[in-house]
Protein chains: 2
Amino acid sequence: MQFNDKVPIYYQIKQYVYREIIVGHLTAGHQLPTIRQLAVTLTVNVNTIQRALSELIKENVIIPQRGKGNFVTTDQTILTALKQQVITSEFDQLYDNLAALNIPPATMVQQLQIYIDQRKDDQHD
Amino acid sequence: MQFNDKVPIYYQIKQYVYREIIVGHLTAGHQLPTIRQLAVTLTVNVNTIQRALSELIKENVIIPQRGKGNFVTTDQTILTALKQQVITSEFDQLYDNLAALNIPPATMVQQLQIYIDQRKDDQHD
DNA sequence: TCAAGTGTATTAGCTTTCTATTACACTATA
DNA sequence: TATAGTGTAATAGAAAGCTAATACACTTGA
């Protein structure tokens, strides 16, 4: 996994777990990799993993069980809300940044379409 | 100006200057506010401003003149490239993050359209 | 010439983040 | 019961970012 050095690692790990849950690699009630396993996999210190997970625990997204491991919540309300939040925040970010460039909303959609079309063409590698 | 505490302030200021140039609040050859003025306006230390500007200077986006001030480059090649880079990087970020959620490109456009429509409706405040 | 306003540089100290290490509490199982 | 594997906690040190303060180099204009 690659980290952006402009953002705290623990925060990026938190976002990573969000994505793993939303994509379905981690499903309701299932166990996460061990904190120590995650530390090895992501080549990061145990404390940094713990810092990320402690925030997810506060949010009731994952449930810790001493001596056993960490588990994804089975509360579907939380899980469906999570998906909406993460996706919406992506669009929020794009919208705000492009609006700051005086780009009108209709143009944002057009430009995204153009960007994606170009990306398809550029796949000749 | 509001800063995101997850990203270095100097970096956000750099992005801010990019936007001011692209939007046209700062035009080719024109003088930027003084470093000390910027420090007051953004309620940030002079050194933090200096750190942001030093990167813009390395990129030849702004040109410093000792005893006079900092000026936006008159090199149109740099300025037009800048605009493209900034806008493209916004789409890059959105694309990567949504792709990580297994959202196909066509859906991204649809969802952005829906998001923008909702935002219009929500303007009833 | 001199004073005020520029950019530039340096030092010191604080806070946050990350790492390394050690220790402890709990669970499962041999 | 003992051991290995969990989460949890605390301490110390390094690095990055930010602030505060001071000083210096250059330009402009009175």
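Atoms considered below: every heavy atom in the structure, side chains included; atoms not considered: hydrogens, waters and symmetry mates.
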Practice item. Go along nucleotides 15-27 of chain D 5' to 3' and tag each nucleotide: B for a protein heavy atom under 4.0 Å from its base, S when only backbone or sugar atoms are that close, - otherwise. Key: --SSBBB-B-BBS
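Among residues two or more places apart in sequence or in another chain, the side chain to side chain donor-acceptor pair (under 3.5 Å) test is passed with B:Glu90 by A:Asn97. With sequence neighbours excluded, the residues that form a salt bridge (charged side-chain N to carboxylate O under 4.0 Å, His left out) with A:Asp96 are B:Arg119. In this view, A:Thr77 and A:Asp75 satisfy the side chain to side chain donor-acceptor pair (under 3.5 Å) rule, not counting sequence neighbours.
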Pair up each side-chain donor or acceptor in residues 26-33 of chain A with any protein partner under 3.5 Å, not counting sequence neighbours, and list the distances.
unit_1  : atom_1 : unit_2  : atom_2 : d
A:Thr27 : OG1    : A:His30 : ND1    : 3.1
A:His30 : ND1    : A:Ala28 : O      : 3.3
A:Gln31 : NE2    : A:Lys68 : O      : 3.1

Can you give each donor-acceptor pair under 3.5 Å made by side-chain atoms of residues 105-113 of chain A, sequence neighbours left out, with the distance rounded to 0.1 Å?
unit_1   : atom_1 : unit_2   : atom_2 : d
A:Gln113 : NE2    : A:Asp117 : OD1    : 3.1

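Scanning DNA chain C 5' to 3' for nucleotides with an atom closer than 4.0 angstrom to a non-hydrogen atom of chain B gives a first and last hit of C:dG5 to C:dT10.
We find that CD1 of A:Ile63 is positioned 11 Å from P of D:dT8, with the value rounded to whole Å. The nearest whole Å value for the distance from the CD1 atom in A:Ile35 to the C1' atom in D:dG5 is 13 Å.
No hydrogens or angles considered: nothing links the side chains of A:Thr80 and A:Gln76 as a donor-acceptor pair under 3.5 Å.
Residue pairs meeting the ring-ring contact (aromatic ring centres under 6.0 Å, His included) criterion with at least one partner in residues 32-62 of chain B, sequence neighbours excluded, are absent. Screening residues 42-58 of chain B for salt bridge (charged side-chain N to carboxylate O under 4.0 Å, His left out) gives B:Lys14-B:Glu55 as the qualifying pairs, with residues at least two apart or on separate chains.
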